[in-house]
Amino acid sequence: MLQDKRNLVAGVLRRGLSDVFGLDHDPVVEVPPQRRLGDLASPCALHLARELRQAPRAIAERLLEAVDPPAGFNRITVEGPGYLNFHLDRTGFAAAMIDAVPVARSATVDSRAKVIVEHTNINPNKAAHIGHLRNAVLGDVLARALRRLGQTTEVQNYIDDTGVQVADVVVGFLDLRGCSVADIEALPEPFDYVCWDIYSEVGRWYDGDPQRLELRRRTLHALETGEGRRAEAGRLVARRIVVRHLATMARIDIDYDLLTRESEILRLDFFVAAFEQLKETGAVRFEESGKNAGCWVMPLADSEEFQGLEDPDKVIVRSDGTVTYVGKDIAYQLWKFGLLGRDFEYARFEGALPWETAPSETDAGADDGDRFGEGSRVINVIDARQAYLQRIVRAGLEALGHQDEARDSIHFAYEMVALSAKTAERLGFSGDARLEMSGRKGIGVKADDLLDQLEAKSRDEILERRGDDGNDEAGEDVDLLARQIAVAALRFFMARATTTRVIAFDIDDATSFEGESGPYLQYSIVRARNIRRRLREEGLAQEVPGSRVAGLPAGVWSDDLWDLVLFASQCQEVVERAAATLELSLIARHAVDLAQKFHAIYHRHPILHEQDADLRDARLAVTQVFERSLEALAAILGVPLPERM
RNA sequence: GCGCCCGUAGCUCAGCUGGAUAGAGCGACGGCCUCCGGAGCCGUAGGUCAGGGGUUCGAAUCCCUUCGGGCGCACCA
């Protein structure tokens with residue numbers, strides 16, 4: 001909503017600057033810090049003071065003479081050191097906000113182009129931990145934001161089912177514990193928790209006798225060829241773990257369009273196709289001698305951005321003929337853009353949603369019309385520690401001559417989640433600083449454990465409140481509500497952190513339902529809905545139409561009421577900026593600031609007991625605007641909004 | 001050694017392309033339920049924006065530098 005007004009203001013200022021000073025200047029338009037100062041402001045007079053050799057205020061005064069308020073504005077004032085401040089017609093703007101869509105299709109989005117978002121990507125060999133949750137929540141919020149803005153979006157979750165991590169767990173079952181494949185199959189849930197322990201156990205077992213690493217190598221090779229007992233065990237482990245990961249993510253409303261399995265990349269010789277291209281273009285070369293003798297490497301020494309590396313070459317094919325992760329990822333990235341020249345086969349995972357890459361059974365999936373891949377932009381949500389590898393993948397595309405696709409290969413980097421010193425200590429890990437999680441060492445907080453804890457706490461809080469008024473709800477209602485509150489708490493906690501900052505995960509902080517939290521958002525909306533419910537019970541109109549708002553006298557809009565309307569009108573541009581910059585915390589922050597403004601107004605401006613009809617309707621209008629705006633932001637954040645708490 | 005990220009209130013963090021008195025949550029202290037639910041609101045205390053230079057009418061914000069802390073720089077992913 002506000003973006004249109006910004007453009008109007010910029011337009012009249014640009015014309016004014018041209019008419020009065022003969023300047024071609026693109027004026028900055030911002031929202032001033034206080035409502036009494038106005039609603040949009042430009043510091044252009046300050047910016048031009050030097051060039052024009054005049055005092056900023058004098059420039060502003062002259063512009064004021066030459067410029068008329070654009071449509072929807074009442075007046076223009078000069079404030080402070082020389083700001084030109086534009087004051088909106090509050091009644092007209094508020095009436096328009098009643099009927100506006102808070103976050104709509106973006107004019108900047110090309111709906112024919114598809115964006116592929118890859119996220120989660122957890123190695124299928126152990127339970128998900130809270131670090132994985134950060135990845136999944138960021139990826140999911142990004143996908144929701146893009147879709148809300150009208151962007152065709154495909155979410156992929158990469159399953160490395162042929163890697164070292166799966167191999168280690170297979171060794172753990174077969175060699176360390178002496179299990180058969182049938183034994184693994186018979187293990188009860190939670191299977192991912194069993195693997196969590198085995199994985200760290202195997203690490204210690206290797207340390208006990210380095211000879212045992214030969215078992216890892218043998219298993220890894222079996223996983224790649226897909227043949228034999230070890231491969232069978234690997235498939236079983238990966239499949240059972242993926243089922244668990246999907247269940248964990250489903251608890252917080254995260255799902256996927258496609259699971260891409262590395263084993264299929266191997267089976268279908270994706271790398272062979274990519275390798276041909278790499279060889280043809282000279283992007284890789286065979287090393288006859290030296291440190292990397294017998295390997296195919298991608299030379300990086302000539303590249304500006306890889307200066308200062310210890311080794312200026314990156315191994316793509318090892319001397320034993322196996323392919324490194326980077327090699328496979330280049331092939332995968334090429335496929336995402338439709339540049340590989342071949343495609344996966346598809347089937348429903350476990351016979352249900354989502355799709356996975358798999359040998360197609362008969363002609364299943366041929367008639368669904370779904371087409372995966374062929375994105376025009378690819379966003380990989382991967383933690384910042386892998387920035388170097390992502391740059392190499394991009395360099396691979398460049399070397400193949402795909403400059404545009406290299407530019408549109410975006411690494412959405414975020415910092416890791418570590419444990420706060422206090423939380424680490426509570427879990428039995430000593431330390432005086434924050435502690436990095438490690439699946440290999442078994443250090444971390446499992447996602448399901450955190451969710452269980454959040455749900456238990458939610459239930460306690462609900463029952464405590466229900467007990468007071470004696471109105472017990474049905475038990476299953478409490479369960480649903482407890483889940484919703486837990487989801488809100490977790491998702492908001494992950495989404496509110498800026499991507500460049502390491503999260504020091506503190507259990508008390510993460511499970512707080514006060515202040516800047518998911519439940520705080522929920523409570524604000526519950527209050528708004530309570531008001532409307534009470535109005536209905538009193539036989540009063542629970543909604544006020546835009547036409548009625550348009551007739552309200554200007555005096556009803558006190559600065560605080562008006563401030564919320566103006567703030568709500570910025571939802572669209574906040575979401576657009578968040579999607580464009582990949583700084584999703586902007587959305588979380590806007591949501592919590594909006595809720596804060598509403599909570600404050602709630603206490604100052606009663607609706608039900610207000611006798612003045614104009615005042616009452618103005619307040620109700622603000623409540624409506626608030627409700628619809630927060631609903632839109634919460635939907636993007638994946639925060640469910642209950643009717644009552 | 002090279003590269004990336006961080007250093008703002010006791011703690012956890014916001015501060016957008018430089019601009020109007022440096023903000024919020026938690027914690028501390030003090031208030032607010034005859035009035036739409038106190039998972040809330042209002043107020044008080046608390047900051048040489050790590051240090052030092054520079055650019056500018058103006059710097060938490062941009063540049064340089066120093067000092068702390070984190071993470072990368074594999075024939076692991």
Side-chain angles (χ1 to χ4, degrees), chain A residues 28 30 32-34 37 41 43 46-47 49-50 55-56 79-83 85 121 123 160 163-165 220 262 291-297 305-311 314-320 322-326 328-329 382-389 413 415-416 418 420 433-434 436 440 458 461-462 464-465 468-469 485 496-504 506 508-509 512-517 519-520 522-524 526-528 530-535 537-538 574 577 581 583 585-586 589 592-593 596 599-610 623 644-645:
Chain A
V28 170
E30 56 196 26
Q34 289 171 25
L37 294 171
L46 285 75
H47 292 161
R50 185 176 175 76
E79 306 282 354
Y83 285 94
N85 288 19
N121 300 4
N123 275 303
D160 182 5
V164 175
Q165 299 215 16
L220 193 52
E262 186 165 281
K291 178 172 169 287
N292 296 325
C295 299
W296 286 87
V297 302
E305 65 172 324
F306 292 106
Q307 291 305 303
L309 289 182
E310 284 174 15
D311 185 347
K314 178 67 194 176
V315 171
I316 303 297
V317 180
R318 302 182 186 102
S319 53
D320 66 359
T322 57
V323 183
T324 62
Y325 159 80
V326 179
K328 286 177 272 198
D329 214 32
I382 302 176
D383 82 82
R385 288 172 294 188
Q386 297 195 45
Y388 163 71
L389 288 170
E415 286 291 342
M416 63 166 172
S420 75
R434 67 182 182 211
E436 182 175 353
R440 192 166 288 278
S458 305
E461 302 252 348
I462 295 162
E464 196 178 311
R465 287 169 176 76
D468 286 349
D469 60 14
I485 291 170
R496 74 170 174 171
T498 48
T499 55
T500 51
R501 197 180 275 274
V502 175
I503 293 181
D506 187 84
D508 293 329
D509 197 17
S512 166
F513 295 169
E514 292 170 4
E516 295 172 349
S517 70
Y520 180 90
Q522 294 177 312
Y523 188 53
S524 69
V526 163
R527 283 185 145 170
N530 274 346
I531 291 170
R532 295 203 288 108
R533 198 187 70 247
R534 290 281 290 113
L535 286 169
E537 286 169 8
E538 299 291 324
V574 166
R577 190 149 47 93
T581 61
E583 189 46 87
S585 63
L586 293 171
R589 179 124 316 265
V592 79
D593 287 348
Q596 232 167 48
H599 273 305
I601 282 171
Y602 176 89
H603 286 276
R604 279 195 294 264
H605 300 282
I607 293 174
L608 202 60
H609 303 282
E610 177 55 54
T623 302
R644 313 179 74 158
M645 290 175 75

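Owing to the predicted nature of the structure, the values given are computational and were not obtained by experimental measurement. Below, read A as the first sequence line, B as the second, and so on, with proteins coming before strands; counting in each chain starts at 1. Because only heavy atoms are used, hydrogens play no part in the values below, and waters and symmetry mates are left out as well, while side chains stay in.
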Between the NE2 atom in A:His599 and the CD atom in A:Gln596, the distance rounded to the nearest 0.5 Å is 8.5 Å

Please round to the nearest 0.5 Å and tell me the distance separating atom CG of A:Asp329 and atom CD1 of A:Ile382.
6.5 Å

For B:C33, does the glycosidic angle fall within 90° of 0 (syn) or outside that (anti)?
syn

Reckon [X] touches a base, only the sugar-phosphate, or nothing at all at heavy-atom distances under 4.0 Å?
X	value
A:Asp509	sugar-phosphate
A:Ala55	nothing
A:Gln596	sugar-phosphate
A:Tyr520	sugar-phosphate
A:Arg532	nothing
A:Leu535	nothing
A:Asn121	nothing

The criterion is salt bridge (Lys or Arg N to Asp or Glu O under 4.0 Å); which residues satisfy it with [X], sequence neighbours excluded?
X	answer
A:Asp383	A:Arg385
A:Asp509	A:Arg496
A:Arg440	A:Asp168

Nearest whole angstrom, please: distance from the [atom2] of [N] to the [atom1] of [X].
X	N	atom1	atom2	result
A:Leu389	B:C73	CG	C1'	10 Å
A:Arg577	B:U17	CZ	C1'	10 Å
A:Glu516	B:G25	CD	C1'	4 Å
A:Glu436	B:G72	CD	P	6 Å
A:Gln522	B:G40	CD	P	12 Å
A:Arg434	B:G70	CZ	P	8 Å
A:Glu464	B:A39	CD	P	9 Å
A:His603	B:G40	NE2	P	9 Å

Using atom names, set out every protein N or O paired with an N or O of nucleotides 8-10 of chain B below 3.5 Å, distance rounded to 0.1 Å.
none

So which one's nearest nucleotide on RNA chain B is more toward 5', A:Gly80 or A:Glu415?
A:Glu415

5'-most contact on RNA chain B (nearest-nucleotide basis), A:Ser319 vs A:Leu37, goes to A:Leu37

Those residues at least two apart in sequence (or on a different chain) that pass side chain to side chain donor-acceptor pair (under 3.5 Å) with A:Glu79 are A:Thr77

Partners passing side chain to side chain donor-acceptor pair (under 3.5 Å) against A:Glu30 (at least two apart in sequence or in another chain):
none

Could you list the residues that satisfy side-chain contact (heavy atoms from CB on, under 4.5 Å) with [X], not counting sequence neighbours?
X	answer
A:Pro32	A:Arg35, A:Leu37, A:Ala41, A:Asn85
A:Thr322	A:Glu224, A:Arg318, A:Asp320
A:Glu514	A:Ser512
A:Val526	A:Asn530, A:Pro642, A:Met645

Would you confirm whether A:Ser319, through its side chain, and A:Cys295, through its main-chain N or O, come within 3.5 Å as a donor-acceptor pair?
no

May I ask you to verify if any side-chain N or O of [X] is less than 4.0 angstrom from the OP1 or OP2 atom of [N]?
X	N	result
A:Asn530	B:C36	no
A:Arg440	B:A77	no
A:Tyr325	B:A77	no
A:Asn123	B:A77	no
A:Arg465	B:A39	yes

Regarding A:Arg577 and A:Glu583, does a basic nitrogen lie under 4.0 Å from an acidic carboxylate oxygen?
no

Candidates [options] - which lies nearest the side chain of [X]:
X	options	result
A:Met416	B:C75, B:G38, B:G70	B:G70
A:Met645	B:G37, B:G40, B:C6	B:G37
A:Arg534	B:G38, B:G70, B:C36	B:C36

Find every protein N or O atom lying less than 3.5 Å from an N or O atom of nucleotides 56-61 of chain B, and list the pairs.
residue	atom	partner	partner atom	Å
B:C57	OP1	A:Arg50	NH1	2.1

When Watson-Crick pairs (N1 to N3 and N6-O4 or O6-N4) and G-U wobble pairs (N1-O2 and O6-N3) count only below 3.5 Å on both distances, what is the dot-bracket string of RNA chain B, with | for other-strand pairs?
(((((((..((((.....[...)))).(((((.......))))).....(((((..]....))))))))))))....

